[in-house]
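All remarks here apply to the structure that follows.
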Protein chains: 2
Amino acid sequence: MPSYQPGSDTRNRLLVAAAEVFAEQGFRHARVSDICLRAQANIAAVNYHFGDKESLYLAVVQKLDEESKADAPYMQIEPNASPEEKLNTFIREFLGVLLKTGPSTWLGKLMAREMMEPTAALDYMIEKVIPPVDGVARGIVGELLSMPPEAPLVQLCVSSILSQCMIYFDTKEIALRMRPELINPDRSYDPATIAFLAEHVTQFSLHGMQSMAVPVADMPAGK
Amino acid sequence: MPSYQPGSDTRNRLLVAAAEVFAEQGFRHARVSDICLRAQANIAAVNYHFGDKESLYLAVVQKLDEESKADAPYMQIEPNASPEEKLNTFIREFLGVLLKTGPSTWLGKLMAREMMEPTAALDYMIEKVIPPVDGVARGIVGELLSMPPEAPLVQLCVSSILSQCMIYFDTKEIALRMRPELINPDRSYDPATIAFLAEHVTQFSLHGMQSMAVPVADMPAGK
DNA sequence: TTCCTTTTCAAATCACGATTTCAAATTTAT
DNA sequence: ATAAATTTGAAATCGTGATTTGAAAAGGAA
């Protein structure tokens, strides 16, 4: 029942095609017939190699996660840069991951989708994918606020920053109708537009945090 | 084929139940069997009264929109308040619409879902629902920046503000796993938590805009 | 009451997409 | 070269959920 040749060509084509389709459509709307079509594989190939659609999805998430551990540009922030520069780089890379096309953007898109519509992969992501990204963001913000990365205020600011990036991914369908000239035929944003948006988010966030560099009220503890 | 008694009791129960289910699950995941169950109606009632699931959905959106035109708290900002107060009120009300439970929150939730996963209702929303909300937000931000509401920078800041609210709706499933004590059994957020989050978003955004009160670079025009 | 319109109901049908089946093709090992 | 193991392919099956059907119930007007 399991795959006997983990390096099988068909198996790999399925993983690549599936990453693309899942990133574009989300787990539920992705059709395994679509995935097989793009992978030039038979409709039964997913079940033969992975058991079922969800296991394939899990395999995609893990594969992309491992690959991104190798080189994820927004995880390797120049340690000597100023915290302001670090934040700008982080935002630019994170926005790119959500708005560009290609393999390096797939895990980010899957993560954004899991947040809105969780599947079994969310547990994996909470454990393995989110902490490193969150850690980098908290490190930068903590530095900016002169606060430990675990401080509740740091968490709030990280949410504010990430949300500003994600909105452009989430509202892509609206942008397509109201500002179609900003989006390429392959549904990616233009690099110039991404750079422009990153600059705005950076400025907005830097100033947003400027006056917060002292400990203030805590999150309410009880429910 | 069409409904003969537009005020039919069953028809109204369907509209109410459908609004609730659609807001909670989104259009695709909502089951008409579920809606009929909650409306105490037969499984065929949706097709008898509305034709099909999508027409019911459209009817729900329009009904909620018309009702909200009557009294939507975040649309009626005290005109004499300072712009800072107006922003705080707007953010608190908008967050409430996304994080509380009850009829007044349903349209906001449907709008948030349409953004991520558009249906035929998106066109209606782009035309009728978004402009008023967007207009109020632009008015407040324009006042804060001493800029006309149509300025591109005003648009960017509005996106930054709305995104910070929406993230708490979008990541509810993660919050459920990482901070379950913040979310009530009925899946709503506690009023104290909402007020706390609104305070943070307001402060972050006010400071984020503080230094922008002069015209700067424009959105790149060409694609 | 009786006829006609409207509404409800349970059961059947449809549509779509995931999964299974099993025979044929291919690969690998001896 | 042959046999066993592995992989592929086309068609069949399943499951879920929306939609349709047609008979019964309910209402209303003569």
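Just so we're on the same page: letters track the sequence lines, and every chain starts at 1.
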Using modelled atom types and a 3.5 Å cut-off, is there a donor and acceptor pairing between side-chain atoms of [X] and backbone atoms of [Y]?
{"X": "A:Q155", "Y": "A:E150", "answer": "no"}
{"X": "A:K53", "Y": "A:F27", "answer": "yes"}
{"X": "A:T171", "Y": "A:I167", "answer": "yes"}

Out of [options], which nucleotide sits closest to the side chain of [X]?
{"X": "A:Y48", "options": "D:dT7, D:dT20, C:dG17", "answer": "D:dT7"}
{"X": "B:D52", "options": "D:dT19, C:dT19, D:dT8", "answer": "D:dT19"}
{"X": "B:N47", "options": "D:dT20, D:dA18, D:dA10", "answer": "D:dT20"}
{"X": "B:A44", "options": "D:dT19, D:dT21, C:dT20", "answer": "D:dT21"}

Hey, does the side chain of [X] come within less than 4.0 Å of [N]'s phosphate (OP1/OP2), counting only N and O?
{"X": "B:H49", "N": "C:dT8", "answer": "yes"}
{"X": "B:T10", "N": "C:dT7", "answer": "no"}
{"X": "A:N42", "N": "D:dT7", "answer": "no"}

Between [N] atom [atom2] and [X] atom [atom1], what is the distance in whole Å?
{"X": "B:Q40", "N": "C:dT7", "atom1": "CD", "atom2": "P", "value": "19 Å"}
{"X": "A:Q25", "N": "C:dA18", "atom1": "CD", "atom2": "P", "value": "11 Å"}
{"X": "B:I43", "N": "C:dT8", "atom1": "CD1", "atom2": "P", "value": "14 Å"}
{"X": "A:F50", "N": "D:dT7", "atom1": "CZ", "atom2": "P", "value": "12 Å"}
{"X": "B:H29", "N": "D:dG17", "atom1": "NE2", "atom2": "P", "value": "11 Å"}
{"X": "B:L37", "N": "D:dG17", "atom1": "CG", "atom2": "P", "value": "13 Å"}
{"X": "A:D9", "N": "C:dT27", "atom1": "CG", "atom2": "C1'", "value": "14 Å"}
{"X": "A:D34", "N": "C:dA18", "atom1": "CG", "atom2": "P", "value": "9 Å"}

Item to check | B:Y189/B:Y168 under ring pair (Phe, Tyr, Trp, His ring centres under 6.0 Å): CA gap, chis, key distance, verdict | outcome: CA-CA 10 Å; B:Y189 278 67; B:Y168 294 103; 7.2 Å; no
Checklist entry - Does the side chain of A:Q164 come under 3.5 Å of the side chain of A:S205 through a donor N or O and an acceptor N or O? => result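 A:Q164 vs A:S205: donor-acceptor pair found between side chains.
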